[in-house]
Amino acid sequence: MSSDKRELAAAFTPSTIEGPLYKKWIDAGYFTADAKSKKEPFTIVIPPPNVTGNLHIGHALDQTLQDCLTRLKRMQGFEALWLPGMDHAGIATQNVVEKQLAQKGLSRHDLGREEFVKKVWEWKAESGGQILGQMKRLGDSVDWSREAFTMDENLSQAVLTIFKKLFDQGLIYRAERIINWCPRCLTALSDIEVEHQDDAGEFVSVRYGDGEQSIVVATTRAETMMGDGAVAVHPDDPRYKHLVGTEVLLPLVNRMIPIIADELVDPDFGTGAVKVTAAHDPNDFEMAMRHNVPFVVIMNEHGVMAGTGTEFDGMDRFDARVAVVAKLKELGRIVAEKRPYIHAVGHCSRCDTTVEPRLSKQWFVKVDSLAKAAGDAVRDGRVKIEPEELAPRYFDWVDNLNDWCISRQLWWGHRIPVWYGPNDEVVVVGPGETAPAGYTQDPDVLDTWFSSALWPFSTLGWPNNTDDVKKFYPTSVLVTGYDILFFWVARMMMFGLFAMDGVAPFHTIVLHGLVRDQFGKKMSKSRGNVVDPLEFIDKYGADALRFTLARGSNPGKDQALAEDWIAGSRNFATKLWNATRFAMMNGATIEGPLPATESLSAIDKWVLSRLSQTTSEYTALLESYEFARACEVIYHFAWDDLCDWYLELSKEAFASGNAAASQRVLGHVLDTLFRLLHPVMPFITEELWTTFTGLETLVTAQWPNPESKDVDTKSEALVAELQKIITEVRRFRNDQGVKPSQKIPGKFVAPADITAYASAMAFVLKLELKEFTPSASVEIGSIKVELDLSGTVDVVAERARLEKDLVTAQKDMKTAEVKLSNEGFMAKAPASVVAEIKERMAATSADIERITAQLATLK
RNA sequence: GGACGAUUGGCUCAGCGGUAGAGCACCACAUUGACAUUGUGGGGGUCACUGGUUCGAUCCCAGUAUCGUCCA
């Protein structure tokens, strides 16, 4: 079993172990889940990165957390499936390929639809999906045999199926509405594909009409006035009551338009009178519907003025704005101007072009019943959002959702399965069906998020009732950044509940934050503070990056990241490496049963006790998605408890060759520690564990159970005492300028349970236990360590230290005295608190006495 | 305008109704023996402000200020 034991290299170099280990895992098929397994399933579907994407630090965080959970559950005996894949990313991908064509002076129209789509597939085959290889660098334990792509045949079948089902239930409809339009991408966008930015625009007040029959409207979009169909005021506004129902002259086009009254108008905004441009503004559209205001279209799909019959036709919308205002000024119709006027303006999330509200015929999903179900699933606890503070945001969104515009005027994506007959008949063609002869298909494709919304089951083979669907749906946990709660999570909830008979797509939604720079600033290209996870992996290893990200990940909170932090994690990895080397040099082993507890030293019992507590605490933290705290716990156990104290206190035993029990205990501690750390730091733990134990792999090894019988408060108290003694003597030596390497005679004057560890302490403290005449002493409570400083004692340093300790003790004393003399405290505080303070006061009092006495001898 | 969050040592962040914590940074000492990607010791905070509840508040409540994010 241990035939395969190897030596550890003197130095830890991540780059030499990571590649081969990942290959080993893949070759062995450890990550491939078995749908036929009897084990309880644990499923995560990856938030599919864009096929155009590269691994950025946000992916690294997201995937680290998913891998932690997957590896944890796999070791805990679940049939763990982490399903990888990619999103076809409609606009983004089309843009990439169009850009390539543009370099050759071509547009997609030169190629035609079929050729263009072929080109995109070629691009995907050649340079798409780079992120998949990069995920391997991170160590992701995904099941590559199930890799999915939203444009795969099966996933496309899922799209057709759900489209038809929604349509048949009246939940998909076609309508002429104001939608968000990108004049550069030439497509409709959904609300969430629009990003609002504060832009410096202008706010001008224009007089419509003349004399008595005039009204001043304020607008940020003067160029659209040629499309006005009315002026609206609030019904209760006394300034305009007399004008409601009359008409005014619309300048530039010299058309008479009515003045209407509508509650939507805010009388306190601007002049309290607004122009109603029904075809170019969503609010105006609503008012127009209520008041029968005509729709006047004055712009084409490129955002160029058209059809106004004025000199402005053919001008870009922004040029037209300037020209229109200039013309109005010439006509003496500008009453006031404010420039710059900062206000929120929508931009295309893909290309940043200012979005143009446009009247257009599009396909929509009727969301009310779907959104209600999505909200209810969380409200009634079937689905949990972690951390729960983020749930209000979710509700706010699903409860106030507009119908979802799903048609996109693109070529790359799932083509809308609607065919039109010669007499405008509409037929939806489901999977396996064909359109009637003579019908033509709708040219548009579906919003990318339409197929992403099916991801938790389309990837498992739905609409077929596959073994995977049966075994792995619903998924267990969805891990993603809170920034795509709306984009994606809410939509998966809507479609999942709808398609899967009310079974939500996941049990728990775990939301993490964004990775920011070392000062907590958002990373952006313009700031120049974007970091590349692959560079960090090259430099410090995947484990160091993963540990850093996990350690920084508090639920739902952003984290700052600096290269120094990653270097720190690399140092931690190095520490583990060196500690293991030391352990192996000193005969640590996992062979044979653990020695009976009674036979162990307090130091061995102590480390087992700490290990047991760490195991349960750490496991519970991981299971509740508290990655930062989990990492903190394991880090301090490994570095402080194990390396700084246990190994140090055991050195004397190892050196004396009388350490069989400790060798076995240490072997057990390392074995357990590597298992615990494996989900976060898979590479180094695998390397160390397999080398140390000679066993095959940690990936499928069993997760440790905390041994509650190992918890030993007595040994913990004793070792705490030893630690205090050692720290005080070290401090004394430091104060006295005794070099750390210099051996000095020493003697412990203490009870037997302490002196039993005199040699262990002496080894750590570089003390020689022999007969000598003490020239100095360190007192720790009732315990005394006598020392022989060959020179004279530095009285000044010693007095300074004692005086400092005295001040601290006196302060503590006073705090305790104040409390104990407070009647209210004595009457109402719990007895345990009172007892604790009394105890503290007694100890402090003794300290003061001791220190005072020592000071007296130093005069 | 609405929602949520934050304000704790130089920086980034945990935490908690009962004498303030971590990592990094800082200061001093140490380099033949797991590890300088290190060890040891040390310095450093009236926990944003104002009220309230409480025997006791950094923690709970209310308000204020500043900052951040999302939504409109």
Side-chain angles (χ1 to χ4, degrees), chain A residues 8 10-13 191-192 195-196 266 344 387 389-397 400 482-483 485-486 513-514 516-522 540-541 544 548 551-552 554 556-586 626 628-629 631-633 635-636 639-640 643-644 647-648 651 654-655 726-742 764-766 801 804 808 811-816 818-830 832-834 836-837 840-841 844:
Chain A
L8 280 179
F12 168 48
T13 47
D191 291 347
I192 52 173
E195 281 169 11
H196 290 91
D266 176 5
E389 302 97 84
L390 287 171
R393 259 192 212 193
Y394 173 82
F395 294 131
D396 188 48
W397 198 74
N400 300 290
Y482 60 71
D483 54 329
L485 184 60
F486 309 139
L514 310 176
R516 296 168 170 272
D517 78 2
Q518 58 183 316
F519 303 113
K521 298 284 178 216
K522 205 167 181 169
Y540 301 105
T548 307
R551 191 183 189 184
N554 286 113
K557 290 205 169 178
D558 291 351
Q559 65 171 300
L561 180 77
E563 186 164 349
D564 279 357
W565 301 193
I566 300 168
S569 298
R570 185 269 323 263
N571 296 353
F572 178 51
T574 307
K575 191 76 182 173
L576 295 171
W577 187 272
N578 287 318
T580 308
R581 282 182 65 220
F582 174 79
M584 290 174 72
M585 282 180 223
N586 284 283
E626 294 266 14
R629 291 175 58 193
C631 288
E632 208 59 24
V633 164
Y635 176 89
H636 287 292
W639 202 314
D640 301 351
C643 293
D644 289 350
L647 293 183
E648 290 302 321
K651 275 180 178 172
F654 287 133
I726 290 169
T727 304
E728 285 303 314
V729 173
R730 279 169 172 168
R731 187 152 88 121
F732 180 81
R733 289 181 55 129
N734 222 292
D735 288 345
Q736 292 295 320
V738 179
K739 293 194 175 182
S741 56
Q742 189 187 331
V764 172
L765 288 167
K766 298 272 194 302
R801 179 172 89 90
K804 187 165 184 290
T808 309
K811 225 165 87 186
D812 290 352
M813 187 73 183
K814 186 144 190 217
T815 310
V818 166
K819 286 214 164 184
L820 293 176
S821 62
N822 181 329
E823 280 175 35
F825 175 80
M826 295 306 284
K828 297 195 177 175
S832 61
V833 174
V834 176
E836 193 191 320
I837 304 247
R840 194 186 302 152
M841 190 168 85
T844 311

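In what follows, chains carry the letters A, B, and so on, assigned in the order in which the sequence lines appear, proteins first and then strands, with residues in each chain numbered from 1. Source: prediction; values computed, not measured.
- Remark: A:R629 does not engage A:E632 in a salt bridge, criterion side-chain N to carboxylate O under 4.0 Å.
- Put simply, the side chain of A:N554 never gets that close to the backbone of A:K557: no donor and acceptor are under 3.5 Å apart.
- Counting non-hydrogen atoms under 4.0 angstrom, A:A827 reaches nothing in the nucleic acid.
- If you check every strand for non-hydrogen atoms under 4.0 Å, A:R733 touches nothing.
- Considering only side-chain N and O atoms, A:N586 lies nowhere under 4.0 angstrom from the phosphate OP1 or OP2 of B:rA34.
- Looking at heavy-atom distances under 4.0 Å, A:K651 makes contact with a base.
- By the 30° and 60° cut-offs, the orientation of the rings of A:W639 relative to A:F572 is parallel.
- Using a 4.0 Å heavy-atom cutoff across all strands shown, A:R570 reaches at least one base atom of the nucleic acid.
- When the P atom is used for both B:rU54 and B:rU12, the distance is 38 Å, rounded to whole Å.
- Using a 4.0 Å heavy-atom cutoff across all strands shown, A:N554 reaches sugar-phosphate atoms only and no base atom.
- A:Q742 has its CD atom 19 Å from the P atom of B:rG33, to the nearest Å.
- Note on A:Y540: nothing from the nucleic acid sits closer than 4.0 angstrom, heavy atoms only.
- The shortest distance between side-chain heavy atoms of A:M585 and A:F654 does not fall below 4.5 Å.
- Distances shorter than 4.0 Å separate none of the side-chain N or O atoms of A:R581 from OP1 or OP2 on B:rC35.
- The interatomic distance linking A:I566 (CD1) with B:rU37 (P) rounds to 18 Å, in whole Å.
- Here B:rG33 presents its P atom at 18 Å from CZ of A:F654, a figure rounded to the nearest Å.
- One atom, CG of A:L820, and another, P of B:rU19, lie 12 Å apart when rounded to the nearest Å.
- Counting any heavy atom pair closer than 4.0 Å across all strands shown, A:T580 reaches no nucleic acid atom.
- Across all strands shown, B:rA3 forms a Watson-Crick or G-U wobble pair, both distances under 3.5 Å, with B:rU69.
- Between the A:R733 side chain and the A:K739 main chain, a donor and an acceptor come within less than 3.5 Å of each other.
- Dashed line: the shortest gap from a side-chain N or O of A:K739 to OP1 or OP2 of B:rU40 is not under 4.0 Å.
- Considering only side-chain N and O atoms, A:R731 lies nowhere under 4.0 angstrom from the phosphate OP1 or OP2 of B:rG41.
- Between A:G556 and A:L390, the closest heavy-atom pair is CA-CD1, 4.2 Å.
- Considering only heavy atoms from C-beta on, A:V833 comes within 4.5 Å of A:F825 through its side chain.
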I'd like a list of close polar pairs between nucleotides 66-72 of chain B and the protein, N/O only, cut-off under 3.5 Å.
residue: B:rU69; atom: O2; partner: A:R393; partner atom: NH2; Å: 3.2

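- Within the 4.0 angstrom heavy-atom criterion, only backbone atoms of the sugar-phosphate kind lie near A:N822; the bases stay farther away.
- B:rG44 and B:rC4 are spaced 40 Å apart, taking the P atom of each and rounding to whole Å.
- Nucleotide B:rG56 holds its P atom 18 Å from the NZ atom of A:K814, rounded to whole Å.
- Regarding contacts with the backbone of B:rA22, every side-chain N or O of A:W639 stays at 4.0 angstrom or more from both OP1 and OP2.
- Remark: A:K575 is not positioned above the aromatic ring of A:Y635, lacking an NZ or CZ atom under 6.0 angstrom from the ring centre and at most 45 degrees off the axis.
- Contact annotation for A:E728: no contact, since no heavy-atom pair falls under 4.0 Å across all strands.
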